[in-house]
Amino acid sequence: MRRAIAAFVGGLVFALGLGLSGMTSPRKVIGFLDFAGRWDASLLVVMGGAVGVFAVGHRLVMRRAAPLLDDRFHVAPAGRLDARAAIGGLVFGLGWGLGGYCPGPALVAVASGAPAAVVFTAAMVLGMAVYEAVAGRAPEAVADCE
Amino acid sequence: MSASDAVCYNFLPLQRCAIMNDFTPVSALAGGVLIGLAATLLLLFDGRIAGVSGIVAGLSRPDGEPKAWRAMFVVGLLCGGVVLRIARPSAFEGLPHTALPVMAVAGLLVGLGARAAGGCTSGHGVCGTARLSLRSILVTVTFIVAGAFVVFLTHRGGAS
């Protein structure tokens, strides 16, 4: 129960960060990806802030033997960069550039009621399920801690 | 700012039309810090990585893994969306002319790609990159390049 509450708070703060930063606005996302046009560097700043805080935060947290509400960290060992991950990144990027949403912001934008976000998110969840049903699970993004 | 602010200019040899993009470093940095804090909180309390596509995909998996924290993280995202809708509606500014079938294709590609890559903008782009995982950094660069390519193709010649 306490774990679920912590996850809820994490999701809430994550969503507020996505919204404040501009990630939930396809216009900002496309502006960032429009390198040949009027490039908007805002999302680079978003990434810098998020990566900077988590780089310090995760180092401090991982000094502990275990998280506060569980007996171990659930951090999967990362796979190597193989063709599957590279092609996945490519396909992901095509969809991101086409729709202007990535998974987190799409879910947050569902609450805005925008039909584009609802349709995108439904198709995204379907795509995830189809992939795992056909090809199985790929290694998760984040490496194990030494 | 609305779609009527679209401007056209010449980009050799194509004429391109683009919406005016405004650089917003302060809100971008504040939002980025919140994202990093949320990821740190989830790791500190639950020992979990805030990778949204992995969290969502795990919800529908028929394995014995705990689902409650995943579901509550997603509920948190949705509640955050409701708060933003009230407090900051401009956060959801969309694109002019977004056809729903195009959005369906885009969503499908993002879902397939995120699972093949083992993560998305949050798992690879933020968490993996912060841990200096070479794989995450390369996947992140790949999807930015692929996204930029699509935007170059779809937004030229007055698409917007």
Side-chain angles (χ1 to χ4, degrees), chain A residues 4 6-8 10-15 17 19-21 25-27 31 33 37-38 40 42 45-46 49-51 53-55 57 61 67-68 70 73 81 85 88-93 95-99 102-104 107-108 111-112 116 119-120 123-124 127-128 131 138-139 141-143, chain B residues 18 21 28-29 31-36 38-40 42-45 47 49 52-53 57 68-69 72-73 76-78 80-82 84 91-93 95 98 100 103-104 106-113 115-121 123-124 126 128 130 135 139 142-143 146-148 150-151:
Chain A
F8 172 80
L12 185 71
V13 175
F14 203 91
L20 186 59
S21 68
S25 162
R27 195 178 72 77
L33 294 173
R38 284 174 166 267
D40 176 2
S42 302
V45 179
V46 177
V51 167
V53 169
F54 191 68
V61 170
L68 292 173
D70 207 339
F73 287 101
L81 182 82
L90 199 72
V91 171
F92 179 93
W96 193 34
L98 201 56
C102 52
L107 280 163
V108 177
S112 78
V119 169
F120 180 97
M124 177 184 85
M128 290 176 171
Y131 182 87
V142 174
Chain B
N21 297 316
L29 185 63
V33 166
L34 279 182
I35 293 167
T40 305
L42 193 66
L43 189 66
L44 174 63
F45 283 90
I49 292 292
V52 176
S53 54
W69 75 274
M72 288 306 285
F73 185 86
L77 285 179
L78 293 171
V82 172
L84 287 165
F92 297 111
E93 203 176 336
L95 290 167
T98 35
L100 292 183
M103 294 306 283
L108 201 63
L109 291 173
V110 164
L112 291 169
R115 289 329 296 148
C120 59
T121 356
H124 281 303
V126 175
R135 175 169 174 265
V139 169
T142 305
F143 59 62
V150 171
V151 169

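Quick note on labels: first sequence line is chain A, next is B, and so on, each numbered from 1. Note that the coordinates shown come from a computational prediction; the quantities given were computed from them, not determined experimentally.
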Peer 1: Is there a side-chain contact between A:F92 and B:V139, using heavy atoms and a 4.5 Å cut-off?
Peer 2: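 Answer no - side chains too far apart.
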
Peer 1: What closest approach, in Å, do B:L84 and A:G19 show between heavy atoms, and which atom pair accounts for it?
Peer 2: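 So the minimum-distance heavy-atom pair works out to CD1-CA, 3.5 Å.
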
Peer 1: If you look at every heavy atom in A:M128 and B:S53, which pair is closest and at what distance?
Peer 2: CE-CB, 3.4 Å

Peer 1: Do the non-hydrogen side-chain atoms of A:P103 and B:C120 ever get within less than 4.5 Å of each other?
Peer 2: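 In short, these two side chains touch, coming nearer than 4.5 Å.
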
Peer 1: Where do B:L108 and A:A123 come nearest, in terms of heavy atoms and distance?
Peer 2: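 Answer, listing the atom of B:L108 first, then A:A123: CD1-O, 3.5 Å.
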
Peer 1: Working to the nearest 0.5 angstrom, can you tell me the gap between B:M103 CE and A:M124 CE?
Peer 2: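 Between atom CE of B:M103 and atom CE of A:M124 there are 11.0 Å.
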
Peer 1: Specify the closest pair of heavy atoms between A:G57 and B:T40, including all atoms of both residues, with the distance to one decimal.
Peer 2: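 Looking at all heavy atoms of both residues, the shortest contact is CA-CG2, 3.7 Å.
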
Peer 1: Determine whether B:F143 and A:L90 make a side-chain contact, defined as any pair of heavy atoms from C-beta on separated by less than 4.5 Å.
Peer 2: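 Side chain of B:F143 against side chain of A:L90, heavy atoms only: no contact under 4.5 Å found.
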
Peer 1: If you tally heavy-atom pairs under 4.5 Å against chain A, which of B:L77, B:T142, B:T98 wins?
Peer 2: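 Top count of heavy-atom pairs under 4.5 Å with chain A: B:L77.
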
Peer 1: Please examine the side chains of A:W96 and B:T121, heavy atoms only from C-beta on, and report whether any two atoms are closer than 4.5 Å.
Peer 2: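 Result yes, sub-4.5 Å side-chain heavy-atom pair found.
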
Peer 1: Would you name the heavy atoms of A:G89 and B:A117 that are closest together and state the gap between them?
Peer 2: N-CB, 3.8 Å

Peer 1: Which heavy atom of A:L98 sits nearest to which heavy atom of B:V150, and what is that distance?
Peer 2: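 So the minimum-distance heavy-atom pair works out to N-CG1, 3.7 Å.
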
Peer 1: What's the separation between atom CZ in A:F120 and atom CG in B:L100, rounded to the nearest 0.5 Å?
Peer 2: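 If we round to the nearest 0.5 Å, A:F120:CZ and B:L100:CG are 13.0 Å apart.
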
Peer 1: Under 4.5 Å between any side-chain heavy atoms of B:I49 and A:F73, yes or no?
Peer 2: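 With C-beta onward as the side chain, the pair stays apart.
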
Peer 1: What distance separates A:L68 CG from B:L43 CG, expressed to the nearest 0.5 Å?
Peer 2: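 Here the rounded value is 10.0 Å.
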
Peer 1: Let's test your reading of the structure: which of A:G10, A:A4, A:S42 forms the most heavy-atom pairs below 4.5 Å with chain B?
Peer 2: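 Of the options given, most contacts go to A:S42.
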
